[in-house]
Amino acid sequence: MTIKYTPDHEWINIDGNLGTVGITQHAQDALGDVVFVDLPEVGKTYAQKDAVAVVESVKAAADVYMPANGEVVEVNEALRADPSLANSDPLGAGWFFKFKLANPADLDALMDETSYASYAADAH
């Protein structure tokens, strides 16, 4: 398994050709208390950088972007039922969706944990 990060503060955990996507600790800190999520449609194919989900907090709403080209194969119904999971466990139970990766090379441009930590620190 490999975890990569996007400039839009999403994480992707890659296991073979399956990716699990969520928002980072930095993103949920910036958003505050998450009150609603709109998840993508299972079976739909999206292009890299497409807005595929929405996360709303008491402060703001933000799009969640597709980190790579692929087809959504599962959404986190537990998150839909309890959006606060995005705050309490953003890197675990608060995941948003899983997708089948169309082209693994799409991930080459994403950041590793060290690069992302530096990027997020500069984003304040």
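In the hydrophobic cluster analysis, where Ile, Leu, Val, Met, Phe, Trp and Tyr join through side-chain heavy atoms closer than 4.5 angstrom, Leu85 is grouped together with Val34. The cluster map of Ile, Leu, Val, Met, Phe, Trp and Tyr, joined by side-chain heavy atoms under 4.5 Å apart, puts Leu79 and Val73 in different clusters. Hydrophobic clustering keeps Val54 apart from Val21 (ILVMFWY residues linked when any side-chain heavy atoms are closer than 4.5 Å, directly or through intermediates).
Residue Pro90 comes nearest to Gln28 through the heavy atom pair CG-CG, 3.9 Å, listed as atom of the first residue, atom of the second, then distance. Shown here for Pro40 and Tyr46, the closest heavy-atom pair between the two residues is CB-OH, 3.6 Å. The minimum heavy-atom distance linking Asp82 with Ser84 is given by the pair OD1-OG, 2.6 Å. Nearest heavy-atom pair, Phe99 versus Pro67, reported as atom, atom and distance to 0.1 Å: CE2-CG, 4.0 Å. Between Leu91 and Thr24, the closest heavy-atom pair is CD2-CA, 4.2 Å. Counting all heavy atoms, side chain and backbone alike, Pro83 lies closest to Val35 at CG-O, 3.5 Å.
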Report task. Would you check, one step at a time, whether the test side chain to side chain contact (heavy atoms under 4.5 Å, CB included) holds for Thr6 with Met111? Result -> CA-CA 6 Å; Thr6 73; Met111 293 173 267; 5.8 Å; no

Requested in this report: For the pair Leu110 and Ile12, evaluate side chain to side chain contact (heavy atoms under 4.5 Å, CB included) and give the outcome as yes or no after the intermediate values.
Outcome: CA-CA 9 Å; Leu110 302 182; Ile12 172 173; 3.9 Å; yes

Query raised in the report: Please walk me through it: do Glu74 and Phe97 pass side chain to side chain contact (heavy atoms under 4.5 Å, CB included)?
Result: CA-CA 6 Å; Glu74 185 180 348; Phe97 62 92; over 6 Å; no

Report task. Go through Arg80 and Val75 one step at a time and tell me if the side chain to side chain contact (heavy atoms under 4.5 Å, CB included) criterion holds. Result -> CA-CA 9 Å; Arg80 193 189 313 263; Val75 296; 3.7 Å; yes

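A search for side chain to side chain contact (heavy atoms under 4.5 Å, CB included) contacts involving Asp112 returns Thr114, Ser115, not counting sequence neighbours. For Asp15, the side chain to side chain contact (heavy atoms under 4.5 Å, CB included) criterion is met by Met1, not counting sequence neighbours.
The backbone N or O of Leu31 lies less than 3.5 Å from a partner atom in the side chain of Ser57, making a donor-acceptor pair. A donor-acceptor contact shorter than 3.5 Å links the side chain of Asn103 to the backbone of Ala105. Judged purely by atom type and a 3.5 angstrom limit, Asp63 has no side-chain atom pairing as donor or acceptor with the backbone of Tyr65. Proximity of a side-chain donor or acceptor of Trp11 to a complementary backbone N or O of Ile23 within less than 3.5 Å is detected. The backbone N or O of Val55 sits nowhere less than 3.5 Å from a side-chain atom of Asp38 that would complete a donor-acceptor pair. Put simply, the side chain of Asn76 gets close to the backbone of Ala93: a donor and an acceptor are under 3.5 Å apart.
Between Leu107 and Ile14, some side-chain heavy-atom pair lies under the 4.5 Å cut-off. Side-chain contact between Tyr5 and Glu113: present, with at least one pair of heavy atoms (C-beta onward) separated by less than 4.5 Å.
Put simply, CG on Asn13 and NZ on Lys98 are 9.0 Å apart, with the number rounded to the nearest 0.5 Å. For the atom pair CG (Asn17) and NZ (Lys100), the distance works out to 7.0 Å, reported to the nearest 0.5 Å. Rounding to the nearest 0.5 Å gives a distance of 5.5 Å between OG1 of Thr20 and CG of Leu18. Here the NZ-CE distance, from Lys44 to Met66, works out to 11.0 Å after rounding to the nearest 0.5 Å.
In this structure, a donor-acceptor pair under 3.5 Å is absent between the side chains of Gln48 and Asn69. If you check the side chains of Tyr116 and His9, you find a donor sitting under 3.5 Å from an acceptor.
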